[in-house]
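Each remark here refers to the structure printed beneath this line.
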Number of protein chains: 2
Amino acid sequence: MTYKTSILLADDHLLFISGLSTLLAEEQNNYDIFVAHDGNMVLQMVSDQQPDIILLDIGMPGIGGMEVLKYMNRVYPAIKIIMLSSYNDAHLIEKARRAGASGYLLKNCSIEELQRAIADVMEGKLSFPPIVHLPEHNAYTNPIAQQFNLTKREIEIIQLIKEELTNKQIADKLFLSLFTVETHRKNIMHKLKLNSAVSLMKFILDFKL
Amino acid sequence: MTYKTSILLADDHLLFISGLSTLLAEEQNNYDIFVAHDGNMVLQMVSDQQPDIILLDIGMPGIGGMEVLKYMNRVYPAIKIIMLSSYNDAHLIEKARRAGASGYLLKNCSIEELQRAIADVMEGKLSFPPIVHLPEHNAYTNPIAQQFNLTKREIEIIQLIKEELTNKQIADKLFLSLFTVETHRKNIMHKLKLNSAVSLMKFILDFKL
DNA sequence: GGTGAATTACCACCTTGTTGGTATCTTATA
DNA sequence: TATAAGATACCAACAAGGTGGTAATTCACC
């Protein structure tokens with residue numbers, strides 16, 4: 001009999017782990033699947049079953065995935081951990097890597113990618129998404145900003161408004177006249193069809209400018 | 001041959017819908033399963049397949065679940081929609097109900113609950129979680145609000161400030177003197193250690209008051 | 001019944017932002 | 001090179017909010 005890779009699925013969404021365990025159990029590669037739906041249960045299952053790999057939801061309630069990861073890494077360094085997350089966030093990925101994860105998978109990956117990652121990790125490799133320097137959604141490429149025809153300077157000023165600077169402070173920072181900043185602000189307000197500094201702040205935060 | 005209930009699974013997490021469709025396909029009750037992983041694909045699949053039921057993730061990126069729900073309800077009123085969500089949030093549940101959903105399921109429900117909900121909805125019933133009046137995290141019980149010793153009235157006024165009302169408008173709405181509102185605002189600013197209306201708005205949004 | 005917190009109300013002075021103008025200079029581009 | 005868009009700068013009148021006061025009334029709670 002061939003060796004079965006034992007996998008612990010840890011995610012608080014029952015539907016997700018039921019589905020995923022069915023899916024994995026169906027595959028010809030044999031897996032032993034265990035499930036846990038909160039941090040405490042993970043700790044329990046790990047000490048009971050000593051799985052090879054844990055697929056660990058990063059966003060579990062209570063003891064979160066990151067905390068479990070750090071704990072596991074300290075107490076069971078032999079167990080490989082692949083973080084599961086909804087977010088393709090370079091920052092999160094880095095955090096997981098530094099905390100000792102063996103991999104990071106997006107929940108919208110395919111089953112093939114999942115199997116590939118499991119296989120890689122079992123061979124001792126790491127499995128992280130390539131650091132894609134996507135056209136990052138900074139303020140300048142923000143679709144909202146484009147939609148409202150905001151200019152570079154206007155967006156720059158919006159960034160400072162977001163930092164709660166007054167027109168005077170912005171003028172000093174950018175070596176501009178107070179009048180100039182007022183003019184820019186006036187134009188911004190027109191373009192966004194707003195009529196108060198407070199509304200502007202709400203707009204900026206709501207639309208993540 | 002018995003009639004198969006056709007179900008469209010709409011969720012951006014491929015692993016989730018792969019798993020769930022396997023799980024549902026395995027069940028003795030026969031389902032026809034289709035999947036979609038974004039809002040546009042949902043619209044496409046619905047017009048192609050005319051499913052009986054849509055299991056619709058409330059948090060899809062791009063065109064969100066709520067928007068799809070509203071659209072479906074208008075254009076295909078015969079199709080029943082069960083919202084899938086991670087959040088047991090009375091407010092969200094109410095929103096879904098009012099927008100015409102036939103049900104609301106938590107992603108951490110069991111497969112049995114899912115089947116029960118599908119069956120109920122096919123019979124024309126509604127399937128919503130019991131309205132549990134949990135200690136709701138409204139503005140009044142918000143830990144931040146408590147930490148800063150904000151009074152009921154102050155929180156009430158903060159809610160209106162968040163709606164971009166001016167002091168005058170708040171005074172009219174609450175049948176108070178403008179001076180009174182100014183006083184409340186002054187006290188709020190002191191308690192939060194802020195010094196401008198703009199900073200206050202940022203604080204309110206950042207801390208989700 | 002007294003105390004303190006909460007709510008209400010007022011005033012004067014100041015700072016900040018809003019609005020609707022005008023006007024010059026630069027820069028990208030057709 | 002002509003034109004348009006962008007950035008810069010100024011002004012005046014006005015609106016909104018910020019600050020530091022005072023003070024009366026209500027209401028919960030000891």
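Keep in mind that the numbers below use all heavy atoms, side chains included, and drop hydrogens, waters and symmetry copies. Chain letters run A, B, ... following the sequence lines, proteins first and then strands; every chain starts at 1.
Spacing between atom CD1 of A:Ile161 and atom P of C:dT16 amounts to 15 Å, rounded to whole angstrom units. The interatomic distance linking A:Phe179 (CZ) with C:dT18 (P) rounds to 16 Å, in whole Å. The NZ atom of B:Lys152 sits 9 Å away from the C1' atom of C:dA6 (whole-angstrom rounding). Summarising the geometry, the separation between CD1 on B:Ile157 and C1' on C:dA6 is reported as 12 Å, rounded to the nearest angstrom. Here C:dA9 presents its C1' atom at 10 Å from CG of B:Leu176, a figure rounded to the nearest Å. As a whole-Å value, the separation of A:Arg153 CZ from C:dT26 C1' is 13 Å. Rounded to whole angstrom, the span from the CG atom of B:Asn167 across to the C1' atom of C:dA9 amounts to 14 Å. Taking atom CG on A:Leu200 and atom P on C:dT16, their separation rounds to 17 Å, with Å as the unit.
Nearest heavy-atom pair, B:Pro51 versus B:Leu8, reported as atom, atom and distance to 0.1 Å: CG-CB, 3.9 Å. The two residues A:Ser196 and A:Met189 make their nearest non-hydrogen contact at N-CE, 3.3 Å. Taking all atoms of both residues into account, the shortest heavy-atom contact from A:Leu15 to B:Leu106 is CD1-O, 4.4 Å. Shown here for B:Ile81 and B:Met72, the closest heavy-atom pair between the two residues is CD1-CB, 3.3 Å. Residue B:Leu69 comes nearest to B:Leu56 through the heavy atom pair N-CD2, 3.9 Å, listed as atom of the first residue, atom of the second, then distance.
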Between the protein and nucleotides 20-25 of chain C, are there any N/O to N/O pairs under 3.5 Å, and if so, what are the atom names and distances?
unit_1 : atom_1 : unit_2   : atom_2 : d
C:dG20 : N7     : A:Lys186 : NZ     : 2.9
C:dG20 : O6     : A:Lys186 : NZ     : 3.3
C:dG21 : O6     : A:Lys186 : NZ     : 3.1

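The rotation axes computed at either terminus of the helix from C:dG1-D:dC30 to C:dA30-D:dT1 lie 50° apart, taking five pairs at each end and rounding to 10 degrees.
Put simply, the side chain of B:Glu154 gets close to the backbone of B:Thr151: a donor and an acceptor are under 3.5 Å apart.
Within 4.0 Å of B:Glu182, counting heavy atoms only, lies no atom of the nucleic acid at all. If you check every strand for non-hydrogen atoms under 4.0 Å, A:Thr180 touches a base. Within the nucleic acid shown, A:Asn187 has no heavy atom closer than 4.0 Å to any nucleic acid atom.
DNA chain C is contacted by both B:Glu154 and B:Leu178; B:Glu154 maps to the nucleotide lying nearer its 5′ end (nearest heavy atom per residue). Mapping B:Met189 and A:Ser177 onto DNA chain D by nearest heavy atom places A:Ser177 at the nucleotide closer to the 5' end.
A 4.0 Å heavy-atom criterion places the boundary nucleotides of DNA chain D facing chain B at D:dG17 to D:dG21, written 5' to 3'.
Stacking of B:Lys107 on the aromatic ring of B:Phe16 is recorded, both the 6.0 Å distance cut-off and the 45° axial limit being met. The cationic atom of B:Arg97 (NZ for Lys, CZ for Arg) does not lie both less than 6.0 Å from the six-membered ring centre of B:Tyr104 and within 45° of the ring axis.
Note that CD of B:Glu164 is 5.0 Å distant from CE of B:Met201, once rounded to the nearest 0.5 Å.
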#### Entry: side-chain contact (heavy atoms from CB on, under 4.5 Å) between A:Lys162 and A:Gln159, worked out
CA-CA 5 Å; A:Lys162 186 163 73 177; A:Gln159 299 313 303; 3.5 Å; yes
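The number of heavy-atom neighbours closer than 6.0 Å to NZ of A:Lys191, taken from other residues, nucleotides and ligands shown, is above 12. Atom NZ of B:Lys95 has 12 or fewer heavy atoms from other residues, nucleotides or ligands within 6.0 Å.
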